[in-house]
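Report on one structure; see the data block that follows.
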2 protein chains.
Amino acid sequence: MSKANPCHGNCPIARVTALLGDGWSLMIIREAFLGSGKFNEFEKRLGIARNILTNRLRKLVEAGLLQRKASETDRRVVEYRLTRSGRALFPVLIALSQWSEQHLSDCSHSVRYVERATGEEIQRIKVLSADGRELDAGELAMLPGPDADPALKARLVAAMEQAGHEAAHAAS
Amino acid sequence: MSKANPCHGNCPIARVTALLGDGWSLMIIREAFLGSGKFNEFEKRLGIARNILTNRLRKLVEAGLLQRKASETDRRVVEYRLTRSGRALFPVLIALSQWSEQHLSDCSHSVRYVERATGEEIQRIKVLSADGRELDAGELAMLPGPDADPALKARLVAAMEQAGHEAAHAAS
DNA sequence: GGATTGGGTTGCAAAATGCAACTAATCGGC
DNA sequence: GCCGATTAGTTGCATTTTGCAACCCAATCC
């Protein structure tokens, strides 16, 4: 990916894409949620090349999503476990998964997410207003926050203006 | 990425990673949400190479996330707009964005998501049980659905068993 | 009709990825 | 304490993907 493209400043999507936007990082996080922790487990369960796995684990550790710790019982093995940051990706993974099931062929009804205690299906992930109504993209505004850099700020202002012109479009 | 690794069958995360797991696809979708539609707009706002952009737009159109249509008013320009599937990625983008803001340095307070009508901040995206309690990863079970292929089924069963052994781990 | 614009394609260099072979430390058996 | 096996890497090399710049062609503007 390029060094200096327009909005790559502190745009949150750009930043998360830089970190997780490759063919493996998200899979590794998913594996970690499924209980993998050792180098070998990731390798075998994902079928990832070992040098790439090394590289990604290091990157994820540096980013603070995984913690690297030598095992107490066997000093050959290294345990990678999700940190608080890593576990906070939980809603992202579920949202992605639900989207896949609904919109990609071959993914429908391959996994059921249920609450362990009750066995009931969880809700579909939604964007909610402060008072709990479900919002869609058209009802949302993205404003530059206090720490937005100039490029991001300009981009968001431009988007706001564009949104004004469109007003009502609904068809797909 | 490899051709045939263990769980790449119909695992939803694997499938969405295959589609959006590169440095640009998600950025393109984000741009589309921000109002971009023309080839040039994507190119300039993202700083993406034109051959790569061509490739990604085609892929996203094939996957049904974007719709490609020649403009009515100027037959040189092509409009790419989000389909229903594409717009359904909205919660995913918001979840990713919120995660970035909370867990990546330089992303904090760069964007504020507010409801257009009221100006109020939206809620944090959560995983909710059927009756509306917030769940975390430990409270969730992933069961193979009716269409899970054998590899995925085996993987999920293994994860369930592993989860049994762990029971209570909370530290990070 | 000539220059410009929009949306590409093509060729080539650079970077990322995949694969297999090799290491270094640790373990378990004896 | 030695020996083979296991774990987590590393290294070298072939293949694939990216990025960049130049080129192309139809539609549009003047």
Side-chain angles (χ1 to χ4, degrees), chain A residues 1-8 14 17-29 31-32 35-63 66-81 162, chain B residues 1-8 14 17-29 31-32 35-63 66-81 162:
Chain A
M1 193 148 30
S2 118
K3 338 77 252 288
N5 32 18
C7 97
H8 268 45
T17 296
L19 179 62
L20 303 176
D22 67 272
W24 290 116
S25 296
L26 254 185
M27 296 290 286
I28 291 171
I29 296 293
E31 268 308 305
S36 290
K38 303 177 191 173
F39 189 91
N40 270 347
E41 288 176 328
F42 289 114
E43 186 200 352
K44 285 187 187 124
R45 289 182 176 152
L46 294 177
I48 182 176
R50 333 187 70 212
N51 51 348
I52 305 299
L53 179 57
T54 301
N55 176 288
R56 293 303 187 277
L57 288 172
R58 184 147 32 215
K59 200 167 164 183
L60 292 171
V61 168
E62 275 167 20
L66 294 177
Q67 184 193 8
R68 184 187 190 279
K69 214 179 65 178
S71 161
E72 306 275 322
T73 59
D74 183 341
R75 265 170 309 175
R76 286 173 307 180
V77 327
V78 176
E79 297 279 354
Y80 291 93
R81 47 179 62 253
Q162 191 147 17
Chain B
M1 194 145 30
S2 122
K3 340 77 255 285
N5 33 19
C7 97
H8 269 45
T17 295
L19 179 61
L20 303 176
D22 67 89
W24 290 115
S25 297
L26 254 184
M27 295 291 287
I28 291 171
I29 297 293
E31 269 307 307
S36 291
K38 305 178 189 172
F39 189 90
N40 270 346
E41 288 175 329
F42 290 114
E43 186 200 352
K44 287 190 185 119
R45 290 182 176 151
L46 293 176
I48 182 176
R50 334 187 75 222
N51 52 347
I52 306 299
L53 179 56
T54 300
N55 176 288
R56 294 303 189 278
L57 288 171
R58 183 146 36 215
K59 200 167 164 184
L60 292 171
V61 167
E62 274 167 22
L66 294 178
Q67 185 194 7
R68 184 187 192 280
K69 214 179 64 179
S71 162
E72 305 277 322
T73 59
D74 183 341
R75 266 171 306 174
R76 286 173 305 180
V77 325
V78 177
E79 297 279 352
Y80 292 93
R81 48 179 61 253
Q162 192 148 15

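Proteins come first, then strands; the chains are lettered A, B, ... in the order of their sequence lines, and each starts at number 1. Remember, predicted model here, so these are calculated numbers, not experimental data.
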Next item on the list: Could you please name the option among D:dT7, D:dC20, C:dG7 that lies closest to any side-chain atom of B:Ala49?
Entry: D:dC20

Note to self: Quick one: does any side-chain atom of B:Ser36 pair with a main-chain N or O of B:Ala32 as donor and acceptor, under 3.5 Å?
What the structure shows: no

Notebook entry, point to check: With respect to the phosphate group of C:dA25, does any side-chain polar atom (N or O) of A:Arg75 fall under 4.0 Å of OP1 or OP2?
Noted result: no

Check: Rounded to whole angstroms, how far apart are CD1 on B:Ile52 and P on C:dA16?
Finding: 14 Å

Notebook entry, point to check: How long is the gap from CG on B:Leu57 to CD on B:Glu62, to the nearest 0.5 Å?
Noted result: 11.5 Å

Note to self: Run A:Arg50 and A:Glu43 through salt bridge (charged side-chain N to carboxylate O under 4.0 Å, His left out) and show every step you take.
What the structure shows: CA-CA 7 Å; A:Arg50 333 187 70 212; A:Glu43 186 200 352; 3.3 Å; yes

Check: Can you name the nearest heavy-atom pair linking A:Phe42 to A:Ile48, along with the distance?
Finding: O-CG2, 4.0 Å

Quick test: give all pairs of protein nitrogen or oxygen and nucleotides 9-11 of chain D nitrogen or oxygen below 3.5 Å, distance rounded to 0.1 Å.
residue: D:dG9; atom: OP1; partner: A:Arg68; partner atom: NH2; Å: 2.6
residue: D:dG9; atom: OP2; partner: A:Tyr80; partner atom: OH; Å: 2.6
residue: D:dG9; atom: N7; partner: A:Arg50; partner atom: NH1; Å: 2.8
residue: D:dG9; atom: O6; partner: A:Arg50; partner atom: NH1; Å: 2.5
residue: D:dT10; atom: OP2; partner: A:Arg58; partner atom: NH2; Å: 3.2

Checklist line | Residue mapping more 5' on DNA chain C - nearest nucleotide basis, B:Glu79 or A:Asn55 | finding: B:Glu79

Collect all protein-nucleotide pairs involving nucleotides 14-16 of chain D in which both atoms are nitrogen or oxygen and the distance is under 3.5 Å.
none

Note to self: In whole Å, I'd like the distance from the CD atom of A:Glu41 to the C1' atom of D:dA8.
What the structure shows: 13 Å

Check: Can you find a side chain N or O atom of B:Arg76 that sits less than 4.0 Å from OP1 or OP2 on D:dC25?
Finding: no

Next item on the list: Using a cut-off of strictly less than 4.0 Å, decide whether B:Trp24 has a side-chain nitrogen or oxygen near OP1 or OP2 of D:dG19.
Entry: yes

Item checked: B:Arg45 side, atom CZ; B:Lys38 side, atom NZ - distance, nearest 0.5 Å -> 9.5 Å

Checklist line | Interatomic distance where CG belongs to B:Leu46 and P belongs to C:dG7 [whole Å] | finding: 14 Å

Checklist line | Length of the NZ-C1' vector between A:Lys38 and D:dT6, whole Å | finding: 11 Å

Notebook entry, point to check: Step by step, would you call A:Ser25 with A:Asp22 a side chain to side chain donor-acceptor pair (under 3.5 Å)?
Noted result: CA-CA 6 Å; A:Ser25 296; A:Asp22 67 272; 2.5 Å; yes

Next item on the list: Give, for atom CZ of A:Arg56 and atom CG of A:Leu20, the distance between the pair rounded to the nearest 0.5 Å.
Entry: 10.5 Å

Notebook entry, point to check: Nearest-Å distance, CZ (A:Phe42) to P (D:dT7)?
Noted result: 15 Å

Note to self: What is the separation between atom CD1 on A:Ile48 and atom C1' on C:dA16, rounded to the nearest whole Å?
What the structure shows: 13 Å

Check: Going by heavy atoms in the side chains, are B:Arg81 and B:Leu66 under 4.5 Å from each other?
Finding: no

Item checked: Distance in angstrom units between B:Asp74 CG and D:dC29 C1', rounded -> 10 Å

Next item on the list: Using atom CG of A:Asp22 as one end and atom C1' of C:dG18 as the other, report the distance to the nearest whole Å.
Entry: 14 Å

Check: If only atom types and distance count, is the side chain of B:Glu41 paired as donor or acceptor with the main-chain N or O of B:Gly37 below 3.5 Å?
Finding: yes

